[in-house]
Amino acid sequence: MEGTIHFLELMFMKKFSALCATLLIALSGSAHAGIQSLVDGSATYTIKTSEDKSTSIALPKKQTEGLLLDFSFTFTGTLQDNDYFALWFDNAKGPSFGLKANCGGDVAGCTDDLFLRMGGSNGGTFLAGSNLVAGTDYHLAGYLYKTGTSATYNAFDFWLNPTDAELQSLTGADLHITGNSGLSSISTIGFRTVNIDNGAVLTASEINAAAVPEPATLSLMGLAAAGLGFARRRKKA
């Protein structure tokens, strides 16, 4: 009888481990480990206008898990006070990250700073010392997610020129803010510009949006590995 029970346990664990291993492979086979890419990132957007302009990109389906946006960015010319460019989540007044020129009326002392904002059209948290230089290529990434039992997105991380390891593990953020975004799901991403003039040209390319599994799903990935190990130990026994 004991041998039969051990046999049934072993068969169950083999099937369970195979199922978990399949899930593990499916989740880790994308550009970021465990992260599913949502857009192909092939489009390049060039901004030369002084108008307050918003461009949107529809996601293939509504997202309720964490969402990672990253893109390449560069600009030429001279930015003036309050020149603004940001990539946003859900709507033009939703959570966003990007660049805002802060000259304080002194163009010579202008700093072209990167910022992170949980929502709205004013304020934000700036990344100290992030004064960007014209003609330089930058890689910007923002990760919006929910913590604890929150039904709405309430945490936001930002990276300037992240490493592949940082994006895969979502660690080492250069800036982190918290607050209630008021959003429980996201269907659209896009970018918004304000006051771009004086010959300045902004370019955004390789835009990527990726869904990040909830912690429970990531825990299941760990359970898959544990299940495989358990099956091997029972087989040896």
Side-chain angles (χ1 to χ4, degrees), residues 20-21 23-41 57 59-73 86-90 94-99 113-119 124-130 137-191 204-226:
C20 291
L23 176 62
L24 180 63
I25 292 170
L27 289 172
S28 62
S30 57
H32 306 285
I35 300 176
Q36 177 188 2
S37 181
L38 300 174
V39 295
D40 62 17
I57 305 169
L59 299 177
K61 64 179 181 179
K62 183 183 294 185
Q63 299 299 314
T64 57
E65 298 179 320
L67 193 60
L68 173 69
L69 302 186
D70 68 286
F71 66 103
S72 296
F73 176 77
L87 197 64
W88 47 256
F89 296 74
D90 193 66
S96 61
F97 64 98
L99 176 146
D113 295 312
L114 297 171
F115 74 93
L116 191 60
R117 178 185 293 170
M118 192 58 79
T125 301
F126 288 86
L127 179 61
S130 59
D137 292 324
Y138 297 96
H139 182 192
L140 311 183
Y143 173 41
L144 185 68
Y145 56 103
K146 303 171 184 176
T147 62
T149 59
S150 177
T152 59
Y153 292 95
N154 65 343
F156 206 173
D157 293 342
F158 171 78
W159 293 261
L160 169 60
N161 295 326
T163 65
D164 288 342
E166 286 175 331
L167 287 189
Q168 288 170 0
S169 62
L170 296 176
T171 59
D174 297 305
L175 200 59
H176 169 77
I177 63 172
T178 59
N180 185 5
S181 69
L183 300 177
S184 59
S185 63
I186 299 170
S187 302
T188 310
I189 62 171
F191 59 81
S205 60
E206 300 178 354
I207 298 174
N208 181 64
V212 181
E214 294 178 353
T217 305
L218 293 176
S219 296
L220 182 58
M221 292 170 66
L223 184 60

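By convention here, the first residue in the shown sequence is residue 1. Just so you know, these numbers come straight off a predicted model, no measurement behind them.
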| field | Proximity of Phe191 and Phe73 rings by center, below 6.0 Å | value | no
Is there side-chain contact between [X] and [Y], with at least one heavy-atom pair below 4.5 Å?
X      : Y      : answer
Leu69  : Ile207 : no
Leu99  : Leu114 : yes
Met118 : Leu144 : yes
Lys146 : Thr64  : yes

| said: Please evaluate residues Trp88 and Ile186 with respect to the criterion side chain to side chain contact (heavy atoms under 4.5 Å, CB included), reporting the C-alpha separation (whole Å), side-chain torsions for both, the decisive distance (0.1 Å), and the verdict. | reply: CA-CA 10 Å; Trp88 47 256; Ile186 299 170; over 6 Å; no
How long is the straight-line distance from [atom2] of [Y] back to [atom1] of [X], given to the nearest 0.5 Å?
X      : Y      : atom1 : atom2 : answer
Asp137 : Ser205 : CG    : OG    : 7.5 Å
Leu127 : Phe158 : CG    : CZ    : 6.0 Å
Leu87  : Leu140 : CG    : CG    : 9.0 Å
Ser72  : Asn208 : OG    : CG    : 10.5 Å
Ser187 : Leu59  : OG    : CG    : 7.0 Å
Ile57  : Thr188 : CD1   : OG1   : 9.5 Å

| query | Which heavy atom in Phe71 sits nearest to a heavy atom in Ala204, and how many Å separate them? | reply | CD1-CB, 4.1 Å
| Shortest non-hydrogen contact from Gly182 toward Thr152 | C-CG2, 4.1 Å
Could you go through residues 171-179 and list every donor-acceptor pair under 3.5 Å that involves a side-chain atom there, pairing it with any protein atom two or more places apart or in another chain?
unit_1 : atom_1 : unit_2 : atom_2 : d
Thr171 : OG1    : Ser169 : OG     : 2.7
Asp174 : OD2    : Leu160 : N      : 2.8
His176 : ND1    : Asp157 : OD1    : 2.5

| Which residues share a side chain to side chain contact (heavy atoms under 4.5 Å, CB included) with Asn161, sequence neighbours left out | Tyr138, His139
| task | Please name the residue in the list Tyr145, Phe89, Phe115 that meets the ring pair (Phe, Tyr, Trp, His ring centres under 6.0 Å) test with Phe156. | result | Phe89
| task | Identify, with sequence neighbours excluded, every residue that meets side chain to side chain donor-acceptor pair (under 3.5 Å) alongside Asp90. | result | none
